[in-house]
Asker: 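Got a structure here, written out as structure tokens. Questions coming.
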Amino acid sequence: MKKELVERLIGKDVKDISFWAKKFPKRPDGMIVTRFAPSPTGFLHIGAISTCQINEKLAHQSGGKILLRIEDTDTKREVEGTTSLIIEAFKKFNMFFDEGPISDTEETGEYGPYFQSQRKDIYLSGVKYLLEQDWAYPCFSTEEELDAIRKEQTVLKFRTGYYGKWAKYRNFPEEMVEKYLDEGRPYIIRFKSNGDWNNKRYFDDGIRGKVSMPENDIDIVILKSDGLPTYHFAHVIDDHFMGTTHVIRSDEWLASLPLHVQMFETIGFEAPKYVHLSPIQKLDDGNRRKLSKRKDPEANVEFYLQEGYPVEAVKEYLMNIANSDFEEFRKANPINAVEKFELKIDKLNNSGALLDFLKLDSVAKEYISTLSSSELYDKLLNWAKEYDTAFAEVMKNEEAYLKSILAIERDGVEKVRKDFYIYSKIKDEVSYFFKDKFSFDVKDFPVSLENARELVEAYKNLYVHEDVKENWFPKVKDLAEKLGYAKNPKELAKTPEAYKGTVADVACVIRILITGRAQSPDLYTVMQILGKEETLKRLNAKI
Ligand code: GLU
């Protein structure tokens with residue numbers, strides 16, 4: 001297309017594409033550059049953490065870079081406030097980018113701006129180049145015309161889209177373009193596809209290998225009437241000038257691969273390597289389905305943060321379900337060594353991984369078991385400051401007390417108790433340490449009320465707060481035997497009529513009286529932390 005006409009279409013001041021090639025220097029040879037490119041259309045999906053983690057790992061394990069790019073060219077779908085929501089969520093997940101936005105107004109890196117809405121002039125240079133080469137053209141089709149085309153194609157059972165005989169303006173004479181412009185008709189710019197739908201071609205995908213798909217023959221819109229590009233075109237320009245070597249994204253884009261590769265080829269840029277990840281799935285009534293942004297609260301990263309899943313555990317779990325060889329690595333390495341895991345693209349899961357909360361909970365338990373009481377205190381406080389401010393206050397006021405509670409069966413022991421898995425449940429788990437939260441229910445006693453009264457009465461007389469740990473259980477045992485309780489269930493089973501229960505039942509009654517529950521961490525330590533006064537008060541409770 002002649003220069004003057006191009007200028008009429010997109011303006012006089014548009015820079016040549018070579019300007020950007022100079023402005024953004026080529027990345028060092030061999031450097032792996034990946035990116036995560038969310039659209040600010042809603043909350044951050046848990047799958048995004050997984051995708052981003054894969055991008056990050058692939059880049060960083062080879063000394064490369066990962067960048068964040070906000071794809072905000074679809075102003076109709078944009079939801080206000082979500083850019084900062086996304087950026088903040090990544091920070092909470094300890095995911096940091098080498099380049100890109102660090103807030104909704106600031107960014108870092110030499111290849112920006114990293115907000116697509118601020119890259120208009122770069123896209124226009126690309127459009128200018130394509131127009132000049134006749135690989136793009138203005139399209140004057142109105143919404144009504146496009147609707148009519150879609151209807152006709154649907155009736156005829158043809159693929160819908162702007163292609164073939166329906167691409168009315170693809171070879172529109174330049175004089176006619178000028179005439180339409182004189183008349184002030186609105187237009188958008190379309191890519192002029194040279195593909196043939198009947199030709200199949202192989203496209204490379206990092207996980208799936210060679211995928212056979214028809215060439216693209218649709219003249220997609222590259223520049224909309226608002227002067228912003230569409231995702232397809234922006235992605236080509238951005239990933240080229242940002243030096244992306246690997247595009248790792250959701251497999252919803254796999255079908256667009258022929259178009260994307262075609263655009264790279266047409267414009268003369270080297271295409272990046274593509275890797276398409278399958279979405280995370282869930283079991284719904286026994287059937288697998290994609291985790292839905294609309295229906296499933298657990299699709300939202302905020303769900304995990306609010307529940308207080310340690311982000312380290314969530315990331316480890318996601319790495320596990322995304323990679324077929326992670327399990328093996330984990331067996332040979334302690335939890336939390338995920339940085340050492342070397343990700344191989346061809347080992348990435350090629351069918352949707354299933355979100356399994358039992359497994360996630362067990363990873364979380366395992367992770368929390370690696371923390372010392374003071375590390376756990378810090379993480380719990382961090383969580384509480386945001387999600388349970390009343391509890392955060394209690395934690396701050398009673399730091400030493402809280403730490404001693406969290407230290408039970410944790411600090412300095414070989415087998416750490418694995419009872420905590422989410423921060424939001426810890427408050428309940430330790431609530432009996434707080435006088436105003438403590439209560440018990442006689443219905444929970446494993447023996448009759450009469451027997452419970454008898455044994456508690458006897459135990460009270462035996463209890464010596466200053467006893468060493470080694471003494472307390474033998475005392476309970478002796479007492480139990482004296483009062484007619486069997487040593488163990490086996491003995492009880494032999495002559496049930498001879499016993500009131502077992503030693504374990506006796507310990508259980510005392511436990512309920514002290515903690516309000518049938519299961520608790522080591523009771524001796526619990527009583528020591530509660531202190532003599534409180535312990536005696538609880539032992540003396542009226543039952
Ligand atoms: N903005 C696109 C999305 O959110 C990004 C796809 C890509 O990674 O290229 O789906």
Side-chain angles (χ1 to χ4, degrees), residues 32-59 65-79 82-87 89-90 95 97 99-101 104 111-119 122-123 126 203-208 216 220-222 224 228-264 269 271-280 290-294 299-301 322 345 348 352:
I32 290 191
V33 179
T34 62
R35 88 296 192 267
F36 187 72
S39 306
T41 52
F43 62 73
L44 195 64
H45 191 285
I46 189 67
I49 297 290
S50 179
T51 304
C52 189
Q53 182 168 232
I54 290 165
N55 272 290
E56 183 187 38
K57 184 117 220 120
L58 194 72
K65 288 198 189 309
I66 174 169
L67 53 97
L68 176 66
R69 182 170 73 225
I70 302 294
E71 304 211 321
D72 54 353
T73 60
D74 193 346
T75 40
K76 278 195 213 109
R77 286 182 58 230
E78 187 164 342
V79 179
T82 44
T83 298
S84 45
L85 207 72
I86 290 170
I87 295 173
F90 277 124
M95 299 181 104
F97 298 88
E99 297 169 21
D104 49 6
Y111 292 79
Y114 295 88
F115 289 88
Q116 286 187 330
S117 56
Q118 294 169 23
R119 296 172 64 82
I122 311 177
Y123 305 126
F203 296 91
D204 279 320
D205 174 81
I207 303 177
R208 294 164 178 78
N216 169 63
I220 61 126
V221 177
I222 54 175
K224 300 177 291 174
L228 284 167
T230 51
Y231 160 69
H232 301 297
F233 185 61
H235 133 67
V236 171
I237 295 289
D238 290 344
D239 283 322
H240 173 72
F241 285 122
M242 291 179 176
T244 307
T245 58
H246 291 70
V247 168
I248 306 172
R249 60 184 180 185
S250 148
D251 69 359
E252 69 186 287
W253 297 111
L254 183 63
S256 306
L257 192 54
L259 163 68
H260 294 167
V261 170
Q262 180 188 35
M263 283 198 286
F264 271 101
F269 294 159
K273 292 194 170 48
Y274 282 96
V275 180
H276 291 93
L277 303 170
S278 310
I280 296 179
K290 202 171 132 179
L291 207 56
S292 147
K293 239 180 156 164
R294 213 164 28 82
N300 187 346
V301 293
I345 295 178
L348 286 167

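Both counts, for ligands and for their atoms, begin at 1 and track the order of listing.
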Asker: Tell me whether A37 has any N or O atom under 3.5 angstrom from an N or O of ligand 1.
Answerer: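 Right, the criterion is met.
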Asker: Minimum distance, heavy atoms only, to atom 4 (O) of ligand 1: which one of P40, S256, S39, A48 is it?
Answerer: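 Shortest heavy-atom distance from atom 4 (O) of ligand 1: S39.
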Asker: Quick test of your reading of the model: are E78 and K76 salt-bridged, counting only N-O distances below 4.0 Å?
Answerer: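 No, no charged N to carboxylate O under 4.0 Å.
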Asker: Can you name the nearest heavy-atom pair linking T83 to P40, along with the distance?
Answerer: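 In this case the closest contact between T83 and P40 is OG1-CB, 3.3 Å.
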Asker: State, to 0.1 Å, how close P229 and K224 come at their nearest heavy-atom pair, and which atoms those are.
Answerer: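 Closest heavy-atom pair between P229 and K224: O-CE, 3.6 Å.
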Asker: Applying a heavy-atom cut-off of 4.0 Å, say which part of H235 lies close to ligand 1: side chain, backbone, both or neither.
Answerer: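 Neither part.
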Asker: Is the shortest distance from a Lys or Arg side-chain nitrogen in R119 or D238 to a carboxylate oxygen in the other one below 4.0 Å?
Answerer: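 Counted as a salt bridge, because a side-chain N and a carboxylate O are separated by less than 4.0 Å.
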Asker: Can you tell me which portion of W253 lies within the under-4.0 Å heavy-atom range of ligand 1? Options are side chain, backbone, both, or neither.
Answerer: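 Contact part for W253 vs ligand 1: side chain (C-beta onward).
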Asker: Please identify which atoms of ligand 1 are closer than 4.0 Å to at least one heavy atom of R249.
Answerer: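 It comes down to these atoms of ligand 1: 7 (C), 8 (O), 9 (O).
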Asker: State whether the shortest distance between N or O atoms of E71 and N or O atoms of ligand 1 falls below 3.5 angstrom.
Answerer: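 Yes, E71 has an N/O under 3.5 Å of an N/O on ligand 1.
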Asker: Which value, rounded to the nearest 0.5 Å, describes the distance between T75 atom OG1 and L228 atom CG?
Answerer: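 Going from the OG1 atom of T75 to the CG atom of L228 covers 6.0 Å.
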Asker: Which protein non-hydrogen atom lies closest to atom 9 (O) of ligand 1, naming both residue and atom, and how far is it?
Answerer: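 Its nearest protein heavy-atom neighbour is Y231 OH, 2.4 Å.
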Asker: Strictly below 4.0 Å, N to O, side chains only: are D251 and R208 in salt-bridge contact?
Answerer: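 Yes.
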Asker: Any atoms of ligand 1 less than 4.0 Å from a non-hydrogen atom of R35? List them with their elements.
Answerer: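 Every atom of ligand 1 under 4.0 Å from some heavy atom of R35: 7 (C), 8 (O), 9 (O).
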